[in-house]
Structures are given as C-alpha cells and as structure tokens.
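To keep things clear, I will list the structure first and then write my remarks on it.
None of these values were measured; they are calculated from a predicted model.
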Amino acid sequence: MVVSPSSAIADLPDLLIRQARICHPDDRLAVGDVLVQGGVITAVESHIDRDRLGDGGREIDGTGLTLLPGAIDPQVHFREPGLEYKEDLQTASYACAQGGITSFLEMPNTKPLTVTQGDMTAKLALAASKCVVNYGFFIGATSECLPDLLTTTPTCGIKIFMGSMKGPLLVDEEPVLDRLFAMGQTPDSGPGRLIAVHAENQERIQERRKEFAGISDPAIHSVIQDNQAALEATQLALKLSKKYHRRLHILHMSTAEEAELMRRDKPAWVTCEVTPQHLLLNTDAYAKIGTLAQMNPPLRSPHDNEVLWQALLDGVIDFIATDHAPHTLEEKAKPYPESPSGMPGVETSLPLMLTQAIAGRCTVQQVVRWMSANVAKFFGIPRKGAIAPGFDGDLVLVDLDTYRPVSRDRLLSKCGWSPFEGWELTGWPVVTIVGGQVVYENGRVNGQVRGRPLSFEP
Ligand code: DOR
C-alpha cells in the first residue's frame with residue numbers, strides 16, 4: 001500500500017524496522033516489518049524488501065523486541081517557563097524519549113501561567129526550540145473566564161484546578177465553575193472544547209488542614225485531602241458537564257468512590273484517566289519514601305488501587321497519565337506540609353504498565369490502548385496511536401524479556417529521583433522514534449531531533 005499523507009516530510013531518510021513483534025491496531029501481536037517514509041508509516045507487512053528503502057535509509061533490527069505506537073502522556077507538568085530549576089522542556093522531553101513517550105500534553109501552572117493566546121504562543125515557541133518529542137498544551141482557566149479559553153489554538157483543552165492550587169489558577173466557587181462550563185455552549189451545541197478538571201474540594205481541604213494542623217508525618221496528607229474531597233469535586237464537575245453538555249475529562253482519578261460513580265453515571269462526552277502511582281502505590285508508601293510519596297490528589301488505600309484497576313480493565317477509566325510533576329530533592333526534604341506535592345513519571349510509566357502486563361494483570365494490547373490509542377482518540381489527535389499505514393512514525397521498541405531496576409543514575413528528568421526507585425521492571429524502551437527519527441537508542445538521546453506541535457480535532 002502506498003501512502004503519501006500531508007504530514008510527510010520530504011527530506012527525512014526512510015526507516016525500516018525489521019522483524020519486531022508488532023502490536024497491531026486489531027490487537028494482533030505478530031512479527032513483521034514497518035517502513036517509515038517522510039516521518040509517516042507507509043507499510044506494515046510480514047516482510048518488506050530492502051529495495052523499498054530510499055537512499056540513505058536505515059534498517060533497525062527489531063528481532064526479539066516488541067514494537068508499540070509511541071506513548072502519549074496526557075498530563076504532565078514540565079515547569080518551563082519560569083520553574084526551570086525543577087525541570088525544563090529539554091530535560092523533560094529527553095526523559096519522555098527514554099520512557100517511550102513520543103507526545104505529551106502539558107499543564108498551565110508555569111510562570112507565567114498559560115492563560116492567554118500569547119502565553120500559549122510563547123510556550124509553543126519554546127517547545128519548538130527544545131523538545132525532542134511532540135507537544136501540546138492546556139490553557140488554564142481563571143475566575144476571569146477569559147475569552148482566550150475558547151479561542152486559543154492549538155490547545156488540547158481547558159484545565160481547571162478545582163482544588164490543590166494557589167493563585168489565579170484555583171477556581172473553586174460553583175458560580176464561576178458554572179460560567180466556565182457554560183462558556184460557548186448553546187442548547188444544541190456539541191460537547192464543545194474539552195474541560196479537564198483537577199477534582200478536589202478546596203473548601204473541605206482547607207477545613208481539614210486546620211483540623212490536622214501541626215502533624216508533620218506526610219501520611220496525614222492522604223487524611224487531609226481525603227476520598228470525600230475528591231468525590232465531591234468530581235460530582236460537581238459531572239453535574240455541570242451534564243447541565244451544559246460540556247466535554248469533561250477527569251484528571252488523575254484516585255478513589256474507589258469516583259470510579260464507582262463513573263461506572264454508574266458516565267455520559268458519552270465524559271472521560272477519565274488514572275496514574276500508574278494511583279494503581280500501584282498506596283498510603284503504605286509514606287513509611288518507605290516519605291514526602292516523595294506526596295502528591296495531589298494523594299495516594300489512597302489498597303482497596304482504592306483495586307477498584308481503580310478494575311475500572312480501567314472494564315473501560316470505565318479510559319486512559320493513563322503520569323501527572324509528571326517534578327520537584328527537587330531539596331524541596332522534598334522539607335518537613336510536611338512545606339514539602340511540595342508531585343512526583344515524576346514519564347520515564348517509568350510505560351515499563352511499569354508493561355511489567356504489569358507481563359505479570360498477567362492486563363495485556364500488552366491494553367497498555368497500548370490506555371497509553372496511546374485511547375489518548376489519541378479522546379483528544380482528537382490525528383494520525384497517532386496505531387501502527388498502520390498513514391499514521392505518524394511515532395514508535396517505541398521495547399524489550400519484554402529483560403528486567404532492570406529503576407535507578408536514579410539513569411534518570412534524565414532534572415529532579416533526579418523516582419518514587420519507584422528499586423522496582424524491577426521490564427518493557428524498557430530500546431529505541432524510541434519520533435516522526436520517523438530515532439530520538440533514543442540504547443541509553444542515548446539524539447538531541448538534534450525536534451518534535452512537532454500536536455493538533456486537536458473536535
Ligand atoms: O501533586 C501535584 N503536583 N498535583 C498536581 O496536580 C500539580 C502538581 C505540580 O504542579 O506540582
């Protein structure tokens with residue numbers, strides 16, 4: 001099959017990936033060859049002749065490895081502009097390349113905040129100059145309900161922090177939230193621009209902060225910002241989404257109660273995500289890693305882990321995000337509650353989930369659906385999330401036979417730590433390819449590669 005899609009780049013050398021076990025869109029795992037030309041997949045066949053590879057083209061031996069569509073991480077905090085001492089777009093995108101993440105969607109809590117078209121344009125320019133993987137950005141809602149929320153392009157959607165945020169990005173009053181959900185919606189309009197919510201009830205958190213003041217054991221974090229705080233905010237977002245038929249996405253769903261609510265009552269225009277840490281870590285982690293386990297929404301109980309897993313397996317939860325939110329070790333060493341919330345994730349998410357697949361908890365194909373295909377589908381990202389002719393050449397070759405521990409020495413994120421340090425994982429990327437260019441190979445990032453801005457279809 002010959003394909004010449006509009007996104008092809010004429011002068012990129014061809015790539016031919018040979019004899020990898022390919023994860024096909026119909027869920028088959030079968031050994032074959034993949035040809036990428038001009039950055040776009042042009043053939044997926046059991047054997048592709050070498051003479052179809054253009055001049056200067058390169059063959060990659062995939063024997064013994066598994067080829068997946070590159071992962072798309074739909075929730076990250078990459079700290080640039082303004083907080084580069086924690087992370088920047090270059091280090092973060094290198095970490096993505098090492099983790100098999102070929103595209104990311106980044107959050108607006110940078111300095112300046114991303115709340116206008118001007119902020120978005122500036123962030124896109126920074127990304128174009130620094131990112132070795134593809135990028136998209138959320139626009140942040142403030143109580144000013146700026147018209148830019150609906151007009152800024154390109155954007156994957158509007159982010160609302162209903163709780164766990166300071167400053168203008170905190171929008172915790174129902175009348176303001178109501179206005180935001182109503183913006184641009186008419187009785188017969190479609191679901192409109194996506195609103196993604198960080199759902200925690202700020203009022204409840206503030207009351208409980210006073211109630212539990214003076215306790216410096218970080219485990220109190222999960223008690224203060226409890227399941228009820230998350231459930232109440234998710235219920236409110238769901239109510240407003242139904243009132244205005246507004247496209248809603250629940251970020252990092254963390255509780256059994258929210259998962260059960262979604263199982264009972266999830267309109268077609270609502271999606272939700274879970275993080276690997278809310279599936280695999282729980283409140284026991286505080287005793288082992290202290291404030292490195294502190295994040296928002298907090299880690300929950302083993303029961304919450306189980307219910308979230310089941311909701312993911314049953315399709316109630318649609319996909320996986322890392323909420324990569326790096327802070328320095330010095331910041332994390334502060335006593336609770338001065339210690340900041342957040343943990344890195346882009347380098348470990350794919351191996352973590354593939355390790356679960358090899359252990360029999362899910363399948364490799366499900367991991368691909370949760371970390372690539374469904375993200376592309378629900379954010380309307382064209383030509384991503386599958387290995388098929390016409391799709392972009394965003395690919396990752398992983399090794400599902402070797403186990404290696406998560407180790408600080410190998411991490412590329414500027415923060416230099418992981419809550420999963422010491423975990424023995426398989427499924428580590430061997431080669432990561434972005435738009436037909438090898439961006440990561442055997443432990444090295446090619447810093448010359450540049451990702452491209454993502455586009456989003458309604
Ligand atoms: O723990 C968190 N930290 N959760 C968030 O949603 C924000 C993040 C950050 O930016 O540090």
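- When each of L67, V368, V44 is checked for a side chain to side chain contact (heavy atoms under 4.5 Å, CB included) with H24, only V44 meets the rule.
- Residues V76 and I101 are not in side-chain contact: their nearest non-hydrogen atoms beyond the backbone lie 4.5 Å or more apart.
- Look at D314 and R263 and you find a salt bridge, because one of the NZ, NE, NH1 or NH2 atoms lies within 4.0 Å of a carboxylate O, short of that distance.
- The backbone N or O of Q117 sits less than 3.5 Å from a side-chain atom of D148, completing a donor-acceptor pair.
- The distance from the CG atom of L150 to the CZ atom of R193 is 6.5 Å, given to the nearest 0.5 Å.
- Geometric assessment of K159 against the ring of F161 yields a positive cation-pi assignment under the 6.0 Å and 45° thresholds.
- Residue pairs that meet the salt bridge (Lys or Arg N to Asp or Glu O under 4.0 Å) test with at least one member in residues 126-137, sequence neighbours left out, are E80-K130.
- For the pair R79 (side chain) and P326 (backbone), a donor-acceptor distance under 3.5 Å is present.
- Between the T155 side chain and the F137 main chain, a donor and an acceptor come within less than 3.5 Å of each other.
- Looking only at distances, no side-chain donor or acceptor of T110 sits under 3.5 Å from a matching main-chain atom of G82.
- With hydrogens and angles disregarded, no donor-acceptor distance shorter than 3.5 Å links the side chain of S372 to the backbone of I72.
- Using a 3.5 Å distance cut-off with no hydrogens or angles, the side chains of S254 and R300 do pair a donor with an acceptor.
- Counting all heavy atoms, side chain and backbone alike, L281 lies closest to N305 at O-ND2, 3.0 Å.
- The two atoms that bring R361 and L313 nearest to each other are O-CD2, 3.7 Å, heavy atoms only.
- Of the N and O atoms on the side chains of R247 and T271, at least one donor lies less than 3.5 Å from an acceptor on the other residue.
- L65 is not listed as a side-chain neighbour of D401, based on a closest heavy-atom distance of 4.5 Å or more.
- Contact annotation: the side chain of L292 approaches that of W417 to within less than 4.5 Å [non-hydrogen atoms, C-beta and beyond].
- The main-chain N or O of Q366 is found under 3.5 Å from a side-chain atom of T363 such that the two form a donor-acceptor pair.
- Judged by distance alone, with hydrogens and angles left aside, the side-chain atoms of Q19 form a donor-acceptor pair with the main-chain N or O of S46 at under 3.5 Å.
- In this structure, R18 pairs ionically with E59, as a charged nitrogen and a carboxylate oxygen lie closer than 4.0 Å.
- The aromatic rings of F420 and W423 sit perpendicular to each other, their planes meeting at more than 60°, with 30° as the lower class boundary.
- For S301, the side-chain contact (heavy atoms from CB on, under 4.5 Å) partners are H303, D304, not counting sequence neighbours.
- Counting only heavy atoms from C-beta outward, the side chains of L15 and V438 approach each other to under 4.5 Å.
- Nearest heavy atoms, A386 versus P69: N-CB, 3.8 Å.
- Between A95 and V346 the shortest heavy-atom distance is CB-CG2, 3.7 Å.
- At a cut-off of 3.5 Å, with distance as the only test, no side-chain donor of E306 or Q310 sits close to an acceptor on the other residue.
- A search for salt bridge (Lys or Arg N to Asp or Glu O under 4.0 Å) contacts involving R58 returns E441, not counting sequence neighbours.
- Ring-centre distance between H249 and F319: below the 6.0 Å cut-off.
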Can you list the steps and then say if L124 with Y135 is a side-chain contact (heavy atoms from CB on, under 4.5 Å)?
CA-CA 8 Å; L124 285 160; Y135 44 87; 4.0 Å; yes

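- Of all the heavy atoms in M343 and P419, the pair that sits closest is SD-CG, 3.6 Å.
- Looking at residues two or more places apart in sequence or on another chain, you find a side-chain hydrogen bond (donor to acceptor under 3.5 Å, both in side chains) between R408 and E421.
- S129 places a side-chain N or O within 3.5 Å of a backbone atom of L126 that can act as its donor or acceptor partner.
- Ion pairing between R369 and D27 holds under the 4.0 Å rule for side-chain N and carboxylate O.
- Enclosure of atom CD in E424 by more than 12 non-hydrogen atoms of other residues, nucleotides or ligands within 6.0 angstrom is indicated.
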Name the atoms and distances for all side-chain donor-acceptor pairs under 3.5 Å in residues 234-242, with sequence neighbours left out.
{"residue": "T234", "atom": "OG1", "partner": "A230", "partner atom": "O", "Å": "3.3"}
{"residue": "T234", "atom": "OG1", "partner": "E258", "partner atom": "OE2", "Å": "2.6"}
{"residue": "K239", "atom": "NZ", "partner": "E174", "partner atom": "OE2", "Å": "2.8"}
{"residue": "S241", "atom": "OG", "partner": "R246", "partner atom": "O", "Å": "2.8"}
{"residue": "S241", "atom": "OG", "partner": "W269", "partner atom": "NE1", "Å": "2.9"}
{"residue": "K242", "atom": "NZ", "partner": "D265", "partner atom": "OD1", "Å": "3.1"}
{"residue": "K242", "atom": "NZ", "partner": "D265", "partner atom": "OD2", "Å": "2.5"}

Apply the test side-chain contact (heavy atoms from CB on, under 4.5 Å) to residues R450 and C131: give CA-CA distance (whole Å), side-chain angles for both, the deciding distance (0.1 Å), then the verdict.
CA-CA 6 Å; R450 286 292 169 273; C131 280; 5.9 Å; no

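- Listed by first and then second residue, the side chain to side chain donor-acceptor pair (under 3.5 Å) pairs involving residues 349-358 amount to none (not counting sequence neighbours).
- With hydrogens and angles ignored, the 3.5 Å screen pairs no side-chain donor or acceptor of R179 with any backbone N or O of C145.
- Judged as a salt bridge (Lys or Arg N to Asp or Glu O under 4.0 Å), and not counting sequence neighbours, the contacts of D318 are K266.
- With salt bridges taken as basic N to acidic carboxylate O contacts below 4.0 Å, none links D399 and R404.
- Looking at heavy atoms from C-beta onward, M162 lies in side-chain contact with L177 at the 4.5 angstrom threshold.
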Could you go through the side-chain contact (heavy atoms from CB on, under 4.5 Å) check for Q75 and T322 one step at a time?
CA-CA 6 Å; Q75 195 199 165; T322 65; over 6 Å; no

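- Although no hydrogens or angles enter the test, the distance criterion places a donor-acceptor pair under 3.5 Å between the side chain of S93 and the main chain of Q90.
- Between N374 and F379 there is no side-chain heavy-atom pair separated by less than 4.5 Å.
- Rounded to the nearest 0.5 angstrom, I317 CD1 and I320 CD1 are separated by 9.0 Å.
- Residues forming a side-chain contact (heavy atoms from CB on, under 4.5 Å) with T102 (at least two apart in sequence, or on another chain): D394, T432, V434.
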Which is it for I433 and I60 under the side-chain contact (heavy atoms from CB on, under 4.5 Å) test, yes or no, and what are the steps along the way?
CA-CA 11 Å; I433 297 163; I60 294 175; 4.3 Å; yes

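- Nearest heavy atoms, P74 versus E273: CG-OE1, 3.9 Å.
- Under the 4.5 Å side-chain criterion, counting only non-hydrogen atoms from C-beta, E87 is in contact with S413.
- For Q225, the side-chain contact (heavy atoms from CB on, under 4.5 Å) partners two or more places apart in sequence, or in a different chain, are S164, E200, I205, R209, H221, N296, P298.
- The side-chain contact (heavy atoms from CB on, under 4.5 Å) check on D172 picks up L170, Q202, with sequence neighbours excluded.
- Counting only residues at least two apart or on different chains, the salt bridge (Lys or Arg N to Asp or Glu O under 4.0 Å) pairs with a member in residues 97-110 are E106-K123.
- In this structure, the side chains of Y440 and N446 stay at 4.5 Å or more apart for every pair of heavy atoms.
- Counting only residues at least two apart or in different chains, ring pair (Phe, Tyr, Trp, His ring centres under 6.0 Å) contacts with residues 61-81 comprise F78-F104, F78-H324.
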